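Only one structure is covered here, and it is reproduced in the block below.
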Amino acid sequence: MSAGSAERSFLTLAIERCVASRGGNIAIIFALSLLPLVLAIGGAIDFARTVSAVSMLQSAVDNASLAAANLRHTNSPVQTAQAYVHAAVTESGLDVQNLNVSVNAASSDNSREVILTVTADVPTTFLGMMGWNVVPISLESKAKEVISNVEISLVLDVSSSMNGARITNLRQASISFINQVLADDYVAATTVSLIPFGGTVRLPVTFHPYLVNTTTYTHPVNGYVLPVPADPSNWNGCLEMDPSEVSSITLTPGSLGLLPTFKVFSPGRGWCPTSDSAKSIFLSNNKADIISRLNDFDTTVLSDGTGTDVGTSWGVRALDPAWRGKLGAPPAAASRPADFGEATSRKFLIVMTDGGITGQIRPKPGWSPPTPEHVGGSGSTTVYSRTAALTSFHALCDHAKDNGVVVYTIAFQVTNPSHQNEMRVCASSPGHFYNVEGLDIEAAFSSIASQISSLRLVD
(Lines give C-alpha, C1' and ligand atoms only; values in the text may rest on other atoms or scores of the structure.)
Protein backbone atom coordinates (compact mmCIF):
# COMPACT_ATOMS: atom_id res chain seq x y z
CA MET A 1 0.00 0.00 0.00
CA SER A 2 1.35 3.43 -0.94
CA ALA A 3 1.87 6.22 1.61
CA GLY A 4 -0.98 8.19 0.07
CA SER A 5 -3.37 5.20 0.27
CA ALA A 6 -2.44 4.60 3.91
CA GLU A 7 -3.05 8.25 4.77
CA ARG A 8 -6.47 8.24 3.07
CA SER A 9 -7.45 4.96 4.79
CA PHE A 10 -6.58 6.47 8.18
CA LEU A 11 -8.62 9.58 7.39
CA THR A 12 -11.65 7.52 6.21
CA LEU A 13 -11.52 5.28 9.26
CA ALA A 14 -11.34 8.24 11.63
CA ILE A 15 -14.36 9.91 10.04
CA GLU A 16 -16.40 6.68 10.05
CA ARG A 17 -15.67 6.17 13.73
CA CYS A 18 -16.69 9.70 14.58
CA VAL A 19 -19.93 9.44 12.60
CA ALA A 20 -20.74 6.08 14.23
CA SER A 21 -20.15 7.48 17.73
CA ARG A 22 -23.20 7.93 19.87
CA GLY A 23 -21.44 10.48 22.07
CA GLY A 24 -23.69 13.32 20.88
CA ASN A 25 -22.89 16.68 19.32
CA ILE A 26 -19.24 16.72 20.37
CA ALA A 27 -18.50 13.71 18.17
CA ILE A 28 -20.30 15.27 15.22
CA ILE A 29 -18.45 18.58 15.60
CA PHE A 30 -15.13 16.76 15.91
CA ALA A 31 -15.86 14.76 12.78
CA LEU A 32 -16.72 17.86 10.80
CA SER A 33 -13.59 19.71 11.93
CA LEU A 34 -11.21 16.80 11.42
CA LEU A 35 -11.23 16.89 7.63
CA PRO A 36 -10.07 20.51 7.20
CA LEU A 37 -7.53 20.03 9.98
CA VAL A 38 -6.01 17.02 8.29
CA LEU A 39 -6.04 18.82 4.91
CA ALA A 40 -4.30 21.83 6.45
CA ILE A 41 -1.58 19.66 7.96
CA GLY A 42 -1.22 17.70 4.74
CA GLY A 43 -1.11 20.90 2.69
CA ALA A 44 1.71 22.16 4.87
CA ILE A 45 3.61 18.96 4.21
CA ASP A 46 3.08 19.35 0.46
CA PHE A 47 4.17 22.97 0.68
CA ALA A 48 7.36 22.02 2.54
CA ARG A 49 8.15 19.41 -0.11
CA THR A 50 7.64 22.03 -2.82
CA VAL A 51 9.90 24.55 -1.08
CA SER A 52 12.60 21.90 -0.73
CA ALA A 53 12.27 21.00 -4.41
CA VAL A 54 12.53 24.67 -5.43
CA SER A 55 15.66 25.14 -3.32
CA MET A 56 17.40 22.07 -4.71
CA LEU A 57 16.41 22.87 -8.29
CA GLN A 58 17.45 26.53 -8.00
CA SER A 59 20.93 25.45 -6.96
CA ALA A 60 21.11 23.18 -10.00
CA VAL A 61 19.85 25.97 -12.29
CA ASP A 62 22.42 28.46 -10.94
CA ASN A 63 25.27 25.99 -11.48
CA ALA A 64 23.96 25.18 -14.95
CA SER A 65 23.86 28.85 -16.00
CA LEU A 66 27.43 29.41 -14.80
CA ALA A 67 28.59 26.35 -16.73
CA ALA A 68 26.69 27.40 -19.86
CA ALA A 69 28.30 30.87 -19.75
CA ASN A 70 31.80 29.39 -19.52
CA LEU A 71 33.59 30.34 -22.73
CA ARG A 72 35.93 27.36 -22.53
CA HIS A 73 33.17 24.74 -22.76
CA THR A 74 33.10 23.18 -26.21
CA ASN A 75 29.42 22.16 -26.05
CA SER A 76 26.75 24.73 -26.85
CA PRO A 77 25.20 26.68 -23.93
CA VAL A 78 21.91 24.78 -24.51
CA GLN A 79 23.59 21.38 -24.33
CA THR A 80 25.63 22.34 -21.29
CA ALA A 81 22.70 23.77 -19.31
CA GLN A 82 20.34 20.89 -20.07
CA ALA A 83 22.97 18.31 -19.16
CA TYR A 84 23.70 20.05 -15.83
CA VAL A 85 20.05 20.35 -14.80
CA HIS A 86 19.02 16.82 -15.77
CA ALA A 87 22.09 15.33 -14.10
CA ALA A 88 21.40 17.26 -10.88
CA VAL A 89 17.76 16.14 -10.79
CA THR A 90 18.73 12.50 -11.36
CA GLU A 91 21.54 12.49 -8.79
CA SER A 92 19.39 14.13 -6.09
CA GLY A 93 16.36 11.87 -6.70
CA LEU A 94 14.19 14.97 -6.92
CA ASP A 95 10.53 14.07 -7.62
CA VAL A 96 9.45 16.48 -10.37
CA GLN A 97 7.41 16.08 -13.52
CA ASN A 98 7.34 17.82 -16.91
CA LEU A 99 10.86 19.23 -16.46
CA ASN A 100 11.68 21.78 -19.17
CA VAL A 101 15.02 23.64 -19.60
CA SER A 102 15.01 26.76 -21.81
CA VAL A 103 18.26 28.58 -22.65
CA ASN A 104 18.72 32.03 -24.16
CA ALA A 105 22.40 32.73 -24.91
CA ALA A 106 24.24 35.63 -26.53
CA SER A 107 27.95 35.22 -27.34
CA SER A 108 30.83 37.22 -28.79
CA ASP A 109 34.57 36.58 -29.11
CA ASN A 110 35.25 37.33 -25.46
CA SER A 111 31.89 37.21 -23.68
CA ARG A 112 28.82 35.04 -23.22
CA GLU A 113 25.59 35.87 -21.40
CA VAL A 114 23.08 33.14 -20.57
CA ILE A 115 19.50 33.34 -19.28
CA LEU A 116 18.29 29.96 -18.11
CA THR A 117 14.59 29.26 -17.38
CA VAL A 118 13.43 25.97 -15.89
CA THR A 119 9.83 24.88 -15.32
CA ALA A 120 8.59 21.73 -13.61
CA ASP A 121 5.65 20.27 -11.67
CA VAL A 122 6.00 19.01 -8.10
CA PRO A 123 3.46 16.21 -7.35
CA THR A 124 1.27 16.61 -4.24
CA THR A 125 -0.12 14.04 -1.84
CA PHE A 126 -2.66 15.64 0.47
CA LEU A 127 -3.66 18.50 -1.81
CA GLY A 128 -4.52 15.92 -4.45
CA MET A 129 -7.58 15.06 -2.38
CA MET A 130 -8.84 18.51 -3.33
CA GLY A 131 -7.96 18.08 -7.02
CA TRP A 132 -4.64 19.94 -6.78
CA ASN A 133 -2.35 17.20 -8.07
CA VAL A 134 0.80 19.23 -8.83
CA VAL A 135 2.40 22.53 -7.86
CA PRO A 136 3.93 24.24 -10.94
CA ILE A 137 7.27 26.00 -10.38
CA SER A 138 9.33 28.31 -12.60
CA LEU A 139 12.95 29.25 -11.92
CA GLU A 140 15.40 31.57 -13.66
CA SER A 141 19.13 32.18 -13.48
CA LYS A 142 21.40 34.59 -15.35
CA ALA A 143 25.16 34.34 -15.80
CA LYS A 144 27.71 36.28 -17.80
CA GLU A 145 31.36 35.60 -18.37
CA VAL A 146 33.63 38.19 -19.93
CA ILE A 147 37.25 37.54 -20.81
CA SER A 148 38.58 41.01 -20.19
CA ASN A 149 40.71 42.79 -22.72
CA VAL A 150 44.31 42.36 -21.63
CA GLU A 151 47.28 44.59 -22.46
CA ILE A 152 50.74 43.37 -21.52
CA SER A 153 54.06 45.20 -21.70
CA LEU A 154 56.96 42.76 -21.56
CA VAL A 155 60.16 44.73 -20.87
CA LEU A 156 63.22 42.47 -21.15
CA ASP A 157 66.87 43.13 -20.35
CA VAL A 158 69.18 42.18 -23.25
CA SER A 159 72.28 43.86 -21.86
CA SER A 160 75.74 42.32 -22.31
CA SER A 161 75.62 40.54 -18.94
CA MET A 162 72.75 38.38 -20.28
CA ASN A 163 75.33 36.45 -22.30
CA GLY A 164 75.39 32.63 -22.35
CA ALA A 165 72.82 30.57 -20.43
CA ARG A 166 70.95 33.66 -19.25
CA ILE A 167 69.80 34.77 -22.71
CA THR A 168 69.03 31.15 -23.64
CA ASN A 169 66.84 30.68 -20.59
CA LEU A 170 65.18 34.06 -21.07
CA ARG A 171 64.34 33.11 -24.64
CA GLN A 172 62.73 29.82 -23.59
CA ALA A 173 60.86 31.38 -20.66
CA SER A 174 59.54 34.27 -22.76
CA ILE A 175 58.28 31.95 -25.50
CA SER A 176 56.45 29.81 -22.93
CA PHE A 177 54.94 32.98 -21.46
CA ILE A 178 53.68 34.13 -24.87
CA ASN A 179 52.17 30.71 -25.55
CA GLN A 180 50.26 30.97 -22.27
CA VAL A 181 48.97 34.53 -22.51
CA LEU A 182 48.16 34.23 -26.24
CA ALA A 183 46.47 30.83 -25.96
CA ASP A 184 43.62 30.31 -28.42
CA ASP A 185 40.93 31.12 -25.81
CA TYR A 186 42.51 34.50 -25.09
CA VAL A 187 44.25 35.68 -28.23
CA ALA A 188 41.38 37.81 -29.55
CA ALA A 189 41.28 39.85 -26.33
CA THR A 190 45.02 40.18 -25.72
CA THR A 191 47.83 42.38 -26.99
CA VAL A 192 51.50 42.20 -26.08
CA SER A 193 54.16 44.88 -26.40
CA LEU A 194 57.63 43.33 -26.47
CA ILE A 195 60.32 45.82 -25.45
CA PRO A 196 63.91 44.57 -25.26
CA PHE A 197 66.40 47.04 -23.80
CA GLY A 198 70.14 47.36 -23.42
CA GLY A 199 71.58 50.81 -22.93
CA THR A 200 68.36 52.07 -24.48
CA VAL A 201 65.43 50.85 -26.62
CA ARG A 202 65.45 50.31 -30.37
CA LEU A 203 62.12 51.49 -31.82
CA PRO A 204 60.37 50.67 -35.11
CA VAL A 205 60.70 53.14 -37.99
CA THR A 206 57.19 54.44 -37.22
CA PHE A 207 58.82 56.51 -34.46
CA HIS A 208 61.11 58.36 -36.87
CA PRO A 209 58.81 61.46 -36.79
CA TYR A 210 59.81 62.03 -33.15
CA LEU A 211 63.35 62.97 -34.23
CA VAL A 212 64.17 66.65 -34.54
CA ASN A 213 63.02 67.86 -37.96
CA THR A 214 66.36 69.43 -38.83
CA THR A 215 69.25 68.16 -40.91
CA THR A 216 71.66 67.99 -37.95
CA TYR A 217 71.40 67.46 -34.21
CA THR A 218 73.85 68.80 -31.66
CA HIS A 219 74.09 66.92 -28.37
CA PRO A 220 73.15 69.37 -25.59
CA VAL A 221 75.81 68.11 -23.13
CA ASN A 222 78.79 66.88 -25.13
CA GLY A 223 78.36 69.02 -28.20
CA TYR A 224 79.01 66.51 -30.97
CA VAL A 225 77.02 67.02 -34.16
CA LEU A 226 75.06 64.23 -35.87
CA PRO A 227 73.36 64.19 -39.28
CA VAL A 228 69.65 63.42 -38.87
CA PRO A 229 68.57 60.76 -41.40
CA ALA A 230 65.66 61.94 -43.53
CA ASP A 231 64.99 58.34 -44.59
CA PRO A 232 63.60 56.25 -41.67
CA SER A 233 65.37 53.17 -43.03
CA ASN A 234 68.72 54.89 -42.30
CA TRP A 235 67.85 55.53 -38.65
CA ASN A 236 69.19 53.24 -35.92
CA GLY A 237 65.86 53.37 -34.06
CA CYS A 238 67.18 55.00 -30.89
CA LEU A 239 66.13 58.37 -29.49
CA GLU A 240 68.15 60.72 -27.30
CA MET A 241 66.17 61.60 -24.18
CA ASP A 242 67.13 63.33 -20.95
CA PRO A 243 65.70 62.07 -17.60
CA SER A 244 62.68 64.39 -17.76
CA GLU A 245 61.83 63.11 -21.25
CA VAL A 246 62.31 59.49 -20.16
CA SER A 247 59.90 59.89 -17.26
CA SER A 248 57.43 61.95 -19.28
CA ILE A 249 54.57 59.91 -20.72
CA THR A 250 53.82 62.18 -23.65
CA LEU A 251 56.49 63.08 -26.18
CA THR A 252 56.34 65.75 -28.87
CA PRO A 253 57.01 64.71 -32.48
CA GLY A 254 59.92 66.55 -34.09
CA SER A 255 61.57 67.39 -30.77
CA LEU A 256 63.77 64.47 -29.68
CA GLY A 257 67.44 64.01 -30.28
CA LEU A 258 69.21 61.32 -32.25
CA LEU A 259 71.21 58.72 -30.33
CA PRO A 260 74.47 58.00 -32.16
CA THR A 261 75.70 54.52 -32.98
CA PHE A 262 78.60 53.91 -30.58
CA LYS A 263 80.06 51.22 -28.35
CA VAL A 264 81.61 51.52 -24.91
CA PHE A 265 82.31 48.31 -23.00
CA SER A 266 82.32 45.80 -25.85
CA PRO A 267 83.55 46.38 -29.41
CA GLY A 268 80.72 44.21 -30.74
CA ARG A 269 77.77 45.63 -28.80
CA GLY A 270 76.31 49.06 -29.28
CA TRP A 271 74.64 51.21 -26.66
CA CYS A 272 71.72 51.33 -29.08
CA PRO A 273 70.92 47.65 -29.80
CA THR A 274 72.18 46.97 -33.30
CA SER A 275 70.20 43.82 -34.12
CA ASP A 276 66.74 43.94 -35.70
CA SER A 277 65.88 41.13 -33.28
CA ALA A 278 66.11 43.70 -30.47
CA LYS A 279 63.55 45.98 -32.10
CA SER A 280 60.37 46.60 -30.08
CA ILE A 281 56.92 45.32 -31.05
CA PHE A 282 53.83 47.22 -29.89
CA LEU A 283 50.26 46.04 -29.25
CA SER A 284 50.40 42.79 -31.17
CA ASN A 285 48.54 39.51 -30.71
CA ASN A 286 50.34 37.82 -33.57
CA LYS A 287 51.86 34.98 -31.61
CA ALA A 288 53.96 33.75 -34.52
CA ASP A 289 55.57 37.18 -35.03
CA ILE A 290 56.36 37.67 -31.35
CA ILE A 291 57.79 34.17 -30.93
CA SER A 292 59.83 34.62 -34.10
CA ARG A 293 61.38 37.74 -32.56
CA LEU A 294 62.08 35.91 -29.30
CA ASN A 295 63.56 32.93 -31.11
CA ASP A 296 66.32 35.24 -32.31
CA PHE A 297 67.28 36.17 -28.77
CA ASP A 298 70.94 35.15 -28.61
CA THR A 299 74.28 36.91 -28.27
CA THR A 300 73.56 39.02 -31.37
CA VAL A 301 70.80 40.99 -29.58
CA LEU A 302 72.96 41.92 -26.60
CA SER A 303 73.74 45.58 -25.96
CA ASP A 304 75.94 47.77 -23.77
CA GLY A 305 74.42 49.33 -20.66
CA THR A 306 71.29 48.60 -18.60
CA GLY A 307 68.80 51.35 -19.36
CA THR A 308 65.96 49.93 -17.28
CA ASP A 309 64.42 53.38 -17.01
CA VAL A 310 64.26 53.77 -20.80
CA GLY A 311 62.88 50.26 -21.30
CA THR A 312 60.23 50.82 -18.63
CA SER A 313 59.29 54.18 -20.12
CA TRP A 314 58.25 52.50 -23.37
CA GLY A 315 56.54 49.69 -21.48
CA VAL A 316 54.44 52.25 -19.64
CA ARG A 317 53.68 54.26 -22.78
CA ALA A 318 52.46 51.08 -24.45
CA LEU A 319 49.77 50.89 -21.71
CA ASP A 320 48.87 54.57 -21.51
CA PRO A 321 45.81 55.82 -23.45
CA ALA A 322 47.74 59.00 -24.31
CA TRP A 323 49.58 56.83 -26.87
CA ARG A 324 46.49 55.44 -28.57
CA GLY A 325 47.00 55.61 -32.32
CA LYS A 326 50.69 56.58 -31.97
CA LEU A 327 52.41 53.23 -31.46
CA GLY A 328 52.14 51.86 -34.97
CA ALA A 329 49.74 49.19 -33.73
CA PRO A 330 47.86 46.93 -36.17
CA PRO A 331 44.28 47.97 -37.08
CA ALA A 332 42.79 45.37 -34.73
CA ALA A 333 44.39 47.23 -31.80
CA ALA A 334 43.39 50.72 -32.93
CA SER A 335 41.36 51.28 -29.74
CA ARG A 336 44.34 50.44 -27.52
CA PRO A 337 45.80 51.34 -25.13
CA ALA A 338 42.39 51.40 -23.47
CA ASP A 339 41.43 54.10 -21.00
CA PHE A 340 42.69 53.58 -17.48
CA GLY A 341 39.96 52.18 -15.24
CA GLU A 342 37.93 50.72 -18.10
CA ALA A 343 35.85 47.95 -16.52
CA THR A 344 36.56 45.35 -19.20
CA SER A 345 40.31 45.92 -19.51
CA ARG A 346 43.31 44.72 -17.53
CA LYS A 347 46.85 46.10 -17.93
CA PHE A 348 50.09 44.41 -16.89
CA LEU A 349 53.68 45.66 -16.89
CA ILE A 350 56.47 43.08 -16.53
CA VAL A 351 60.03 44.34 -16.13
CA MET A 352 62.92 41.86 -16.06
CA THR A 353 66.61 42.63 -15.52
CA ASP A 354 69.77 40.84 -14.45
CA GLY A 355 71.49 43.84 -12.88
CA GLY A 356 71.29 47.31 -11.46
CA ILE A 357 70.15 50.23 -13.56
CA THR A 358 72.94 52.30 -15.15
CA GLY A 359 73.20 55.95 -16.02
CA GLN A 360 73.43 57.06 -19.63
CA ILE A 361 76.87 57.17 -21.25
CA ARG A 362 77.75 59.07 -24.43
CA PRO A 363 80.90 59.84 -26.44
CA LYS A 364 82.99 62.67 -25.04
CA PRO A 365 83.02 66.16 -26.54
CA GLY A 366 85.04 66.29 -29.72
CA TRP A 367 83.86 62.89 -30.98
CA SER A 368 82.44 62.78 -34.47
CA PRO A 369 80.61 59.95 -36.23
CA PRO A 370 80.84 57.48 -37.76
CA THR A 371 84.28 56.43 -36.50
CA PRO A 372 85.47 55.31 -34.14
CA GLU A 373 82.20 53.65 -33.06
CA HIS A 374 83.97 51.95 -30.17
CA VAL A 375 84.82 54.89 -27.96
CA GLY A 376 85.74 52.85 -24.87
CA GLY A 377 85.73 54.08 -21.30
CA SER A 378 88.32 56.76 -21.92
CA GLY A 379 86.35 58.21 -24.82
CA SER A 380 83.00 58.38 -23.05
CA THR A 381 81.29 60.29 -20.27
CA THR A 382 78.10 60.01 -18.23
CA VAL A 383 75.42 62.47 -19.33
CA TYR A 384 73.01 61.49 -16.58
CA SER A 385 73.67 59.38 -13.52
CA ARG A 386 72.40 56.08 -12.19
CA THR A 387 70.60 58.08 -9.46
CA ALA A 388 68.74 60.14 -12.06
CA ALA A 389 67.88 56.97 -13.99
CA LEU A 390 66.60 55.28 -10.85
CA THR A 391 64.42 58.29 -10.02
CA SER A 392 62.87 58.17 -13.50
CA PHE A 393 62.38 54.40 -13.26
CA HIS A 394 60.47 54.56 -9.98
CA ALA A 395 58.41 57.53 -11.16
CA LEU A 396 57.30 55.46 -14.15
CA CYS A 397 56.47 52.48 -11.93
CA ASP A 398 54.40 54.74 -9.68
CA HIS A 399 52.56 56.24 -12.65
CA ALA A 400 51.61 52.75 -13.81
CA LYS A 401 50.50 51.55 -10.37
CA ASP A 402 48.56 54.75 -9.66
CA ASN A 403 46.54 54.08 -12.81
CA GLY A 404 45.64 50.50 -12.00
CA VAL A 405 48.40 48.72 -13.92
CA VAL A 406 49.56 45.51 -12.23
CA VAL A 407 53.36 45.65 -12.14
CA TYR A 408 55.53 42.53 -11.92
CA THR A 409 59.31 42.71 -11.67
CA ILE A 410 61.90 39.96 -12.04
CA ALA A 411 65.48 40.14 -10.76
CA PHE A 412 67.36 37.42 -12.64
CA GLN A 413 70.48 36.30 -10.76
CA VAL A 414 70.84 39.77 -9.23
CA THR A 415 73.13 39.35 -6.21
CA ASN A 416 73.35 42.97 -5.04
CA PRO A 417 70.60 43.53 -2.40
CA SER A 418 70.18 47.19 -3.34
CA HIS A 419 69.65 46.24 -6.99
CA GLN A 420 67.09 43.64 -5.91
CA ASN A 421 65.33 46.25 -3.83
CA GLU A 422 65.06 48.76 -6.67
CA MET A 423 63.06 46.13 -8.58
CA ARG A 424 61.03 45.18 -5.51
CA VAL A 425 60.00 48.81 -4.97
CA CYS A 426 58.76 49.05 -8.55
CA ALA A 427 56.44 46.02 -8.21
CA SER A 428 52.78 46.33 -7.21
CA SER A 429 53.53 44.45 -3.98
CA PRO A 430 56.29 42.24 -2.56
CA GLY A 431 54.33 39.29 -3.94
CA HIS A 432 54.64 40.74 -7.45
CA PHE A 433 58.46 40.73 -7.21
CA TYR A 434 60.38 37.60 -8.28
CA ASN A 435 63.97 37.08 -7.19
CA VAL A 436 65.32 34.32 -9.44
CA GLU A 437 68.57 33.10 -7.92
CA GLY A 438 69.30 30.25 -10.35
CA LEU A 439 68.60 29.85 -14.06
CA ASP A 440 64.96 28.79 -13.69
CA ILE A 441 63.45 32.07 -14.84
CA GLU A 442 60.70 30.13 -16.64
CA ALA A 443 58.98 29.40 -13.29
CA ALA A 444 58.64 33.14 -12.64
CA PHE A 445 57.17 33.83 -16.07
CA SER A 446 54.81 30.85 -15.76
CA SER A 447 53.57 32.10 -12.39
CA ILE A 448 52.91 35.57 -13.81
CA ALA A 449 51.11 34.13 -16.85
CA SER A 450 48.86 32.05 -14.57
CA GLN A 451 48.00 35.10 -12.49
CA ILE A 452 47.16 37.11 -15.60
CA SER A 453 44.86 34.31 -16.78
CA SER A 454 43.07 34.19 -13.43
CA LEU A 455 42.46 37.94 -13.52
CA ARG A 456 40.90 37.93 -16.99
CA LEU A 457 37.36 37.08 -15.85
CA VAL A 458 35.48 40.19 -14.82
CA ASP A 459 32.05 38.58 -14.29
Side-chain angles (χ1 to χ4, degrees), residues 152-183 192-202 237-238 263-281 284 286-308 310-312 314-315 348-358 408-416 419-420 422-423 426-427 432-452:
I152 301 170
S153 282
L154 188 58
V155 181
L156 303 179
D157 184 347
V158 293
S159 61
S160 296
S161 56
M162 285 291 295
N163 196 14
R166 291 187 183 185
I167 194 65
T168 299
N169 285 37
L170 175 62
R171 178 177 67 247
Q172 295 168 348
S174 301
I175 290 172
S176 295
F177 175 84
I178 294 299
N179 278 322
Q180 284 182 265
V181 299
L182 290 180
V192 176
S193 296
L194 175 63
I195 303 163
F197 70 92
T200 187
V201 170
R202 182 169 179 171
C238 294
K263 300 163 187 177
V264 180
F265 304 116
S266 171
R269 295 170 185 160
W271 197 266
C272 171
T274 56
S275 171
D276 280 343
S277 299
K279 191 182 296 182
S280 298
I281 296 174
S284 173
N286 189 319
K287 182 162 64 173
D289 283 354
I290 298 171
I291 289 178
S292 176
R293 184 67 50 89
L294 291 168
N295 266 326
D296 289 338
F297 271 27
D298 55 23
T299 55
T300 63
V301 305
L302 301 181
S303 165
D304 267 350
T306 307
T308 315
V310 184
T312 303
W314 288 105
F348 302 91
L349 172 64
I350 303 158
V351 183
M352 166 267 152
T353 187
D354 75 332
I357 193 170
T358 60
Y408 295 94
T409 58
I410 302 173
F412 185 24
Q413 292 193 335
V414 177
T415 57
N416 187 315
H419 294 168
Q420 293 175 12
E422 65 194 37
M423 297 300 289
C426 174
H432 291 80
F433 165 68
Y434 291 79
N435 185 33
V436 180
E437 295 180 349
L439 285 171
D440 189 15
I441 193 172
E442 188 165 352
F445 276 108
S446 179
S447 172
I448 294 170
S450 297
Q451 292 180 56
I452 290 174

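Because only heavy atoms are used, hydrogens play no part in the values below, and waters and symmetry mates are left out as well, while side chains stay in. The model shown is predicted, which means the values in this text are computed figures rather than measured ones.
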Any chance the side chains of Ser447 and Gln451 put a donor and an acceptor closer than 3.5 Å? yes
Quick one: OG1 on Thr168 to CG on Asn163, what's the gap to the nearest 0.5 Å? 9.0 Å
Are Asp157 and Ser159 close enough that a side-chain donor and a side-chain acceptor fall under 3.5 Å? yes
Minimum heavy-atom distance Leu439-Gln413, with the two atoms named: CD2-NE2, 3.6 Å
How far does CG of Leu156 sit from CD1 of Ile350, to the nearest 0.5 angstrom? 8.5 Å
Looking at every heavy atom in both Lys287 and Ile178, which two are closest together, and how far apart are they? CG-CG2, 3.9 Å
Donor-acceptor pair, Ser292 side chain versus Ala288 backbone, under 3.5 Å? no
Do you know the tightest heavy-atom contact between Val351 and Met423? O-CE, 3.5 Å
Nearest heavy-atom pair of Ala444 and Val436: which atoms, and what distance? CB-CG2, 4.0 Å
Sorted by chain and number, sequence neighbours left out, salt bridge (Lys or Arg N to Asp or Glu O under 4.0 Å) with Arg202 holds for Asp276
Residues forming a salt bridge (Lys or Arg N to Asp or Glu O under 4.0 Å) with Glu442, sequence neighbours excluded: none
Output for pair (Lys279 NZ, Thr274 OG1), nearest 0.5 Å, gives 12.0 Å
Rounded distance [0.5 Å steps], SG in Cys426 versus CZ in Phe433: 10.5 Å
One should read off an interatomic distance between Ser284 OG and Ile152 CD1, to the nearest 0.5 angstrom, of 11.5 Å
With a 4.5 Å limit on heavy-atom distance, are the side chains of Asn286 and Ile281 in contact? no
Tightest non-hydrogen contact, residues Phe297 and Pro196, listed as CZ-CG, 3.8 Å
Residues two or more places apart in sequence or in another chain: which of them pass salt bridge (Lys or Arg N to Asp or Glu O under 4.0 Å) with Lys263? Glu373
Can you list every pair that meets side-chain hydrogen bond (donor to acceptor under 3.5 Å, both in side chains) and has a residue in residues 293-305, with sequence neighbours left out? Ser277-Asp296, Asp298-Thr300
Nearest 0.5 angstrom please: Ile441 CD1 to Ser446 OG, how far? 12.5 Å
Do you know which of Phe445, Tyr408, Phe348 makes ring-ring contact (aromatic ring centres under 6.0 Å, His included) with Phe177? Phe445
Residue set satisfying salt bridge (Lys or Arg N to Asp or Glu O under 4.0 Å) with Asp354, at least two apart, ordered chain then number -> Arg166
Could you tell me whether the side chain of Thr306 and the main chain of Thr308 form a donor-acceptor pair under 3.5 Å? no
Asn435: what forms a side-chain hydrogen bond (donor to acceptor under 3.5 Å, both in side chains) with it, not counting sequence neighbours? none
Is there a side-chain contact (heavy atoms from CB on, under 4.5 Å) between Phe197 and Val155? Walk through the geometry before answering. CA-CA 7 Å; Phe197 70 92; Val155 181; 3.6 Å; yes
Heavy-atom closest pair, residues Val181 and Ala449: CG1-CB, 4.0 Å
So do Ile448 and Met352 actually touch side chain to side chain, heavy atoms under 4.5 Å? no
Within the structure provided, determine whether Leu302 and Ser161 are in side-chain contact (heavy-atom separation under 4.5 Å). no
Test applied, side chain to side chain contact (heavy atoms under 4.5 Å, CB included); reference residue, Glu422; option that passes from Thr353, Ile357, Asn416: Ile357
